[in-house]
Protein chains: 2
Amino acid sequence: MARAQRDTRTLVEQLRDDIIALISDEQLKPGDQLPTEQTLTETFGVSRPALREALKLLEQDAVIRVERGKGRFITAGATVRVERPITVFESVTQMVRRYGYEPSTRVLSTAEVPADEEVAEALRCPVGEPLVRLERLRLNRDVAILYCVDFVRRSLVPGRLYDTDWSGSLVELMGSRGARPVMSTAHASAVLLPEDVAARNDLRDFGPALLITETCFSADGEPVIYALDYHRGDAFSFSFVRK
Amino acid sequence: MARAQRDTRTLVEQLRDDIIALISDEQLKPGDQLPTEQTLTETFGVSRPALREALKLLEQDAVIRVERGKGRFITAGATVRVERPITVFESVTQMVRRYGYEPSTRVLSTAEVPADEEVAEALRCPVGEPLVRLERLRLNRDVAILYCVDFVRRSLVPGRLYDTDWSGSLVELMGSRGARPVMSTAHASAVLLPEDVAARNDLRDFGPALLITETCFSADGEPVIYALDYHRGDAFSFSFVRK
DNA sequence: GTGAGGACACCTGTCTGACAACCTCGAAGC
DNA sequence: GCTTCGAGGTTGTCAGACAGGTGTCCTCAC
C-alpha cells in the first residue's frame, strides 16, 4: 500500500525496477545475497506473490540466482549491461540517428520485381509474388555509410511507386499502412559491397561492410520487410550481451 | 497434483514450457487469445500464482501480451524464434564446432604484455597490469577462418607460458582455474585483418572479417577474458532476434 | 572432550480463497 | 434510437498457510 499508483506499469514491473535499483543502491555484488522475500515484501509494502513474480523476471534475466532453502544471490548478469543493444528492435533510420549521424537519403532505385526463392522464403510468400524492391543509400556529410536493399510485398504499398516518398523510414511507412514491424530475425556477416553496386555508385572506398539481413514482422506475426543493410565498417559497431 | 515431480526444474519453468507447447499444439497465432488463467490452472492442475509466474516469463519474452480485463494474447514473438542466437554465451571453440567446422588451432604467439588503456578498461585492471596476450589462428582444411587475440590477467594463469597448452578452449582453461566465464558483453563490426597480421601469416585473401570484441565475465562478475575475434566473412554468419 | 544426531529457525516453493479494477456486452430506461 | 447501468468475465493484488530444502546449534551418548 506504500506505493504510488500514478505509474501505469503494473506493480510487478515497478518492483522489478525497484529491486534493480536496490541492488545498485546497496552496491550488491555478484555472490552477495539478496534480502529475503519477507524482508523485501516489508520494504516495498507488497504481497509475496507480486514480489515473487518480479524476482522471477530478474531470475530469467540472469540478474539473480535462487537456491532453495538458502536464498537469492546476485549473479554476474546484474553488472553486465549494455546500452541499446542490437537485440532491441528499431528502424534503421532510428538506429542511424542514435549513432549521431544526420544522414541524407538517396533513393537509388525502386522497382516492382517478382520474389526470388530467398525473399519468398523470408516473406513467406510464393515465388514470383510481386514485390517492391527499394535500393537506397544513406550519406553522412557526403560519405556513404549505409547501403540498403528492402523488399516489401507489392500489395502492402498499392499505388504508383513514384507517388510514394521512399526517403523516410520504411518501418514508419509500413506502420501507416497498418503493418508496423515490431520485431525481427536477423543475420550478421562481414562482406564487401556487391561489385556492381560499388561500381555504379562510386563506392569503391566503402571498405568492409557489416551486412545485416533482417526479416521484420508485424504485431500479428506476418513478415513485412526483408532488408539487406550494408553498414560501412568504420562507421558502425553493434553491441550486445551474451549469457 | 497432476504433474510428475521427477523433473528437477521448478513447477513454474515446466509450466512455461507447457504453455509454449500448448501454443504450438493448438496452433495459436499472433492475435489469438490464450485460454484464461482459470482454464489454464485447471488444464495443468496448478495454482494461480504458479501459473501467473510462468505467464509473466512469457510476457517478458514477448511471447504473449496481456490486456487487463480482456485476456492474454499471442504476439509475434511466439513465432519469431531463432536457433542458437549469438546472444547465448558459448566459447569460440564451441561456436566454431557448431558451424560444422573441425578446425585445427595454430598458436601464433604468446607473450606477457602490460595492459594498455583499452584492455585495462575492459578487464577493470590498472594500465600496465601484466597480462598474457595470446594470438591464435583456426584453420579448417588449411583455410584460415578465424584469427583471435585474447588477453587474460597474468595472475590467473601463473607458471611458465610455454608449460600451458593454449591450443584448446580458453574458456575451459579459465574454468579449470576457477574463473569460468559465463557471460559477456560484445561489440561487432566489419573490418579487414590488420595489415601486419595479414602480411605475417599469409592471410591476404582472408577478405572482410566480422570482428567481435568481447569481454567475458565469470560468475562472480569479474572480467576474465578480453578477446578480439576476427571471423572470416564468408565462413560465419550470426543470427539473433530483435524485439 | 568429542562426535553424531536431532530439534529448530530460516528460506523458497506451492496452494487456497478472496477482493479490486477493468473490459465487454446486453438489457432496461429514456 | 440512444444512453445508462449492471452483470459477468478476466486480470491485478493481497493475506495466510503449509510443504520441503538448508544450515545451525544444542544435546546426548560415548
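Chain letters run A, B, ... following the sequence lines, proteins first and then strands; every chain starts at 1.
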**Message:** Check the orientation of A:Tyr226 and A:Phe151. Use parallel for under 30°, tilted for 30 to 60°, and perpendicular for over 60°.
**Reply:** tilted
**Message:** Per the side-chain hydrogen bond (donor to acceptor under 3.5 Å, both in side chains) rule, what does the pair list look like for residues 210-222 of chain A, sequence neighbours excluded?
**Reply:** A:Ser184-A:Glu214, A:Glu214-B:Arg242, A:Ser218-A:Asp220
**Message:** At under 4.0 Å between heavy atoms, how does the protein contact nucleotides 19-26 of chain D? Give one character per nucleotide, 5' to 3', with B, S or -.
**Reply:** -SBSS---
**Asked** So which one's nearest nucleotide on DNA chain D is more toward 5', B:Thr39 or A:Val12?
**Response** B:Thr39
**Asked** Quick one: B:Leu11 CG to C:dT12 C1', roughly how many Å, whole number?
**Response** 13 Å
**Asked** Heavy-atom contacts under 4.0 Å between residues 48-66 of chain A and DNA chain C, which residues?
**Response** A:Arg48, A:Arg52, A:Val66
**For A:Glu129, side-chain hydrogen bond (donor to acceptor under 3.5 Å, both in side chains) partners two or more places apart** = none
**Fill in**
Residues pairing under salt bridge (charged side-chain N to carboxylate O under 4.0 Å, His left out) where one sits in residues 28-41 of chain A, two or more places apart or in two chains, turn out to be A:Glu37-A:Arg48, A:Glu37-A:Arg52, A:Glu37-A:Arg72
**Residues that B:Arg68 engages under salt bridge (Lys or Arg N to Asp or Glu O under 4.0 Å), provided they are two or more places apart** = none
**Complete:** Hits for side-chain hydrogen bond (donor to acceptor under 3.5 Å, both in side chains) against A:Glu67, two or more places apart or cross-chain, chain-then-number order -> A:Arg65, A:Lys70
**Message:** Heavy atoms within less than 4.0 Å of DNA chain D: which residues of residues 28-37 of chain A have one? Give them sorted by number.
**Reply:** none
**Request:** Identify, with sequence neighbours excluded, every residue that meets salt bridge (Lys or Arg N to Asp or Glu O under 4.0 Å) alongside A:Asp150.
**Result:** A:Arg136
**Item:** Contacts of type side-chain hydrogen bond (donor to acceptor under 3.5 Å, both in side chains), residue B:Arg153, not counting sequence neighbours
**Value:** none
**Request:** Identify, with sequence neighbours excluded, every residue that meets ring pair (Phe, Tyr, Trp, His ring centres under 6.0 Å) alongside B:Tyr101.
**Result:** B:Phe236
**Request:** Just grab all the salt bridge (charged side-chain N to carboxylate O under 4.0 Å, His left out) pairs involving residues 164-176 of chain A, residues at least two apart or on different chains.
**Result:** A:Glu172-A:Arg180
**Complete:** B:Arg72 CZ to D:dG9 C1', in whole Å, measures 14 Å
**Asked** Expressed in angstrom and rounded to an integer, what is the separation of B:Leu40 atom CG from D:dT10 atom P?
**Response** 11 Å
